[in-house]
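This is a predicted model, so every value here is computed, not measured. Quick note on labels: first sequence line is chain A, next is B, and so on, each numbered from 1.
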Amino acid sequence: MNEGEIFIHEYGEVDLQDAMVVIGFPSVGLVSSIASNFIVRSMKLERRAAIISKRFPPYTIIHEGIPSPPVRIYSGHRDCENKGEKCEKLAVITCEFMPQPELIKELSNDILGWCKKKGIATILTLEGINIGEEGESKVFGVGTTPRTRKMLETYGVKELREGMVTGISGLLLSEGERYQMDVICLLGSARIDLPDARGAANLLDVVGDMLPEIKLDPDPLIKEAEQIESDMQKAIESVQQPKKPAEYSQIYS
Amino acid sequence: MNEGEIFIHEYGEVDLQDAMVVIGFPSVGLVSSIASNFIVRSMKLERRAAIISKRFPPYTIIHEGIPSPPVRIYSGHRDCENKGEKCEKLAVITCEFMPQPELIKELSNDILGWCKKKGIATILTLEGINIGEEGESKVFGVGTTPRTRKMLETYGVKELREGMVTGISGLLLSEGERYQMDVICLLGSARIDLPDARGAANLLDVVGDMLPEIKLDPDPLIKEAEQIESDMQKAIESVQQPKKPAEYSQIYS
Amino acid sequence: MNEGEIFIHEYGEVDLQDAMVVIGFPSVGLVSSIASNFIVRSMKLERRAAIISKRFPPYTIIHEGIPSPPVRIYSGHRDCENKGEKCEKLAVITCEFMPQPELIKELSNDILGWCKKKGIATILTLEGINIGEEGESKVFGVGTTPRTRKMLETYGVKELREGMVTGISGLLLSEGERYQMDVICLLGSARIDLPDARGAANLLDVVGDMLPEIKLDPDPLIKEAEQIESDMQKAIESVQQPKKPAEYSQIYS
Amino acid sequence: MNEGEIFIHEYGEVDLQDAMVVIGFPSVGLVSSIASNFIVRSMKLERRAAIISKRFPPYTIIHEGIPSPPVRIYSGHRDCENKGEKCEKLAVITCEFMPQPELIKELSNDILGWCKKKGIATILTLEGINIGEEGESKVFGVGTTPRTRKMLETYGVKELREGMVTGISGLLLSEGERYQMDVICLLGSARIDLPDARGAANLLDVVGDMLPEIKLDPDPLIKEAEQIESDMQKAIESVQQPKKPAEYSQIYS
Amino acid sequence: MNEGEIFIHEYGEVDLQDAMVVIGFPSVGLVSSIASNFIVRSMKLERRAAIISKRFPPYTIIHEGIPSPPVRIYSGHRDCENKGEKCEKLAVITCEFMPQPELIKELSNDILGWCKKKGIATILTLEGINIGEEGESKVFGVGTTPRTRKMLETYGVKELREGMVTGISGLLLSEGERYQMDVICLLGSARIDLPDARGAANLLDVVGDMLPEIKLDPDPLIKEAEQIESDMQKAIESVQQPKKPAEYSQIYS
């Protein structure tokens, strides 16, 4: 029952040939976790795989009574207006914790390797971006290949010309560019100090252009995003560790 | 005299074919440690094995004058009304420290592997859960398989539909689900800021339904749980480290 | 000139067949270090071996002008009234620092393995125990085998029935019990906040029953113990590190 | 998709036979990062390679819409007045983070090894140096070989006779001297407490003697350096991490 | 270009048959670094080797315009009145940083192994020792063999009978004694809170008896030692790291 440092477990056969995969690890304002969970719920995707490592924080996510590892891969079919990209299948990789910095390169490479093996056509990674007090919400995009930069243009997403992207999204971009795999990163402006359902909604607005079958009536969207944000917070509170009295702290560490 | 990172030492032959194993690592309010110790005492189980690692904190537990490693496995026979689950034998894995986060996956996998090798039928892991000020005590359950979810229903335990479970119990759930082994986690509400004998009693109330031969008259149960809690605290105080004067701290670290 | 992680270097041939070995690593009130040094001095034992590891703190102990590694093994012959235990030879393992927690299991296993190889009959490890403000001094004992528990009875040492023992002594007990080697741990009450010569004297009082040839007139004993305590403190002060001015701290770390 | 600890990825064929390579890792006042970025921009060098390690901080640099790893190698052709050194080709290695101290020796050795393999003629590493309040700006040089010390003389750079150089530049010097490779380090005085465009300009003044085709009109130079400094700061601000509310910090670490 | 953890690089052929080697790693009051640098300067020794490790702090020492690794080995010839010890050749190992504790045993063993291979006759390691406010300056000595203890007597150095020596000197003593190699440690009293040129002078006073060809007129000696101390401090200040503004600290760590 012992596997390598990081590996991807598939619960059954997983066919993702030519699929789009959306990736949402936590970022500024948690917009990417909220947005990726929204897609899973609204498109009723099913859990198909999980990314597992003994170096991830030790907890399980319970969803509909079923326990899963913290990094889950959901998938399902799409009904999309084809604007040029392949779009029959959709997968979402989502989690609620930030991996340790020293794991991020390996994790990104493992995700890219798995996407290649599965024949995935497009990788879409979501990020929050802090643009200060300006209030105005914007979504920027970065692509790793001529094809993905063309897609940004097609969907009217403003290109980020100069800047930095950190974390899993950053590594998916630089490693994806290095191997010339099709990776797009969407960066949505968000408030940095709290889970930001509205920021997630802005991001989903662009994702919605690419995945038009997602229902995106503005008001329900924000309410749903707020619900997801609230569920995440409650789940986390329920596992709060006790503030142990001093005399236990020696042994219980 | 050198073994691997984590291993399970059996003091003699251990037959646990079709047994139920109860697992109590420390959690919110220490309810799982208190409850698992209560079962060991009230059912007069005997020490049969221990889990050993050089990465566990270095101490020994003295019980009836006999020193043991900190993670002990006790077992014995049951006299139970069979409600469907196999119940001839019972084992309890208990300890008083929280393993380092990076050990928890390996430890959980080793426990699952050992349970499989021993032919154990059901794994029952105990957890505390923080439900704030509400006062009302509740016990929730999570199961990894149709059979265990059916058991929760049989015993009238409310299912936790959405949430998180951390630590050993969390990994026993997600890894148990992955390998489709029968794991149940019972989560009892507890006060987070102190050892909570009453919270442990609530948890034992449900365990008592599954293990009806445990005597569970409410008053003695709480007293006994308080006694266990007090014994644990005294043992820990007795090994308090000296606050060393400054001039020793350089060498004595 | 490179050896393994922890190893035992013998300066010459060391015959300890059937010997008793007394082990004193620092503990509450430093009673075990003080007591074990007292035995070395009063019985004029000679340095015969040392335990060496690159993971021990880097210093040497100078004794009578001769430098030694921090963990030394002294031995010599005894003239004892035989009360049943084998007693022709005596060895003492002593040091003044606490090994890092992650080394303690390996160190204990190495000591047990060496004792077995040398044919040592009885291992006697010394510990301090904090029993708060009660003033009354007591010595408790734990044995790993029927023979050692019988010895505790013979010498009138009260058995510790329930409790915890940490550090090297804790691991010598649990691993000794696991391999059924004869290990006794004596726990002497001590003040936790300073080197406690009087606590060491209480402990020596029991050791003195087992090793009656040690001269134990109460007053000189306490004075001698105080002298040892004072020597240890002076030695440590002499190597105090400079509080370096800020501008050096960057390079000198 | 897994490579060693540190490796140099070339995006295509890279011919740098007899080239000069300028190296700018961050230093006092960030002068070396600013100066090396200035050379890349003003000489319109193209990205040809990158240094990659899972132990570097996980982020990507977006330049002209293209994502790259944080340590990039740019190159191009020069039109120089030959004063004796070989000068047909120029490469610049630049990044904006300081590698962990324990990586620096390996990184320096890998750069030296790559330079040797590529047949690079001269390595020019840039550093900031803190000379306090004196106001007067100076540039000092150190060379590893008679040829490089002669070059310092030719260009009128004052030699640093006694002192210390830390970081990548320090190791390129001591290891370069050990292997007798031609390494020059230019140390420009800088304010230590902020990105110092003017300090970078002073450094570029000397570099400009060696690379006279760089346009170095004083005013535009400082403005351009300030622009680079401002771009770097904006990019960094955009990825500021959220100050997460307390209840998230447990899971999100 | 990759070597082991710690190794000794020789810049050319190094003949030290029957030589004395003086070792000065930083200690209380920096007396050993100051004293060993003094010997290098006053006897005009030449750099012959260096000790190299990727685990040493990453910097280079520039001396007379030549960059070297931080731990340098200098050597030259002596003109000494032979008082019994072999004295034709002299080497000095000197550096200005304290190696990490976990490197010290390996480093000491490597130095001893190299000394043995080179046929070095006597190892003389310098230390500072804190003797509080007493004002009176003293030098103590420890020897590992009858021959070295005899030397201490010959030169009238008071033996340290009981005590502790930490760091490289401590390990050279205990490991030297274990292998019966000729090691002397001279411990000079020093002020602990600042570089102590006068303490270094006291130490040099004894070294001067063993190496009488060193010119030791008291006043110039202290001035020279003060000069060395001041050079060391200036070099260190010149590489002071910037106090980076908050917005850079995330990336630049």
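- The part of L171(A) that comes within reach of chain D is its side chain, from C-beta onward, which places non-hydrogen atoms under 4.5 angstrom from that chain.
- Counting heavy atoms from C-beta outward, P58(D) and P101(A) have side chains that approach closer than 4.5 Å.
- A search for salt bridge (Lys or Arg N to Asp or Glu O under 4.0 Å) contacts involving R149(A) returns nothing, not counting sequence neighbours.
- For the pair M164(A)/I62(D), no side-chain contact is recorded, criterion being any heavy-atom separation below 4.5 Å from C-beta on.
- Between chain D and the options L173(A), I168(A), V183(A), T145(A), heavy-atom pairs under 4.5 Å are most frequent for L173(A).
- When side chains are defined from C-beta on, Y11(D) does not count as touching Q180(A), because their heavy atoms never get closer than 4.5 Å.
- Every residue two or more places apart in sequence or in another chain that forms a side-chain contact (heavy atoms from CB on, under 4.5 Å) with R55(A) is listed here: E5(A), S53(A), Q100(A), E102(A), L103(A).
- For the atom pair S108(A) OG and K54(D) NZ, the distance stands at 12.5 Å (nearest 0.5 Å).
- Of the listed residues (G65(D), P70(D), P69(D)), the one with the most heavy-atom contacts under 4.5 Å to chain A is G65(D).
- Heavy atoms closer than 4.5 Å to chain D are found in the side chain of I104(A), but not in its backbone.
- Using a 4.5 Å cut-off between heavy atoms, R47(D) contacts chain A through its side chain alone, with no backbone atom that close.
- Within 6.0 Å of the CD atom in E153(A), the count of heavy atoms belonging to other residues, nucleotides or ligands does not exceed 12.
- At least one side-chain heavy atom of I52(D) sits less than 4.5 Å from a side-chain heavy atom of K105(A).
- Residues P67(D) and V165(A) fail the side-chain proximity criterion, which asks for heavy atoms closer than 4.5 Å.
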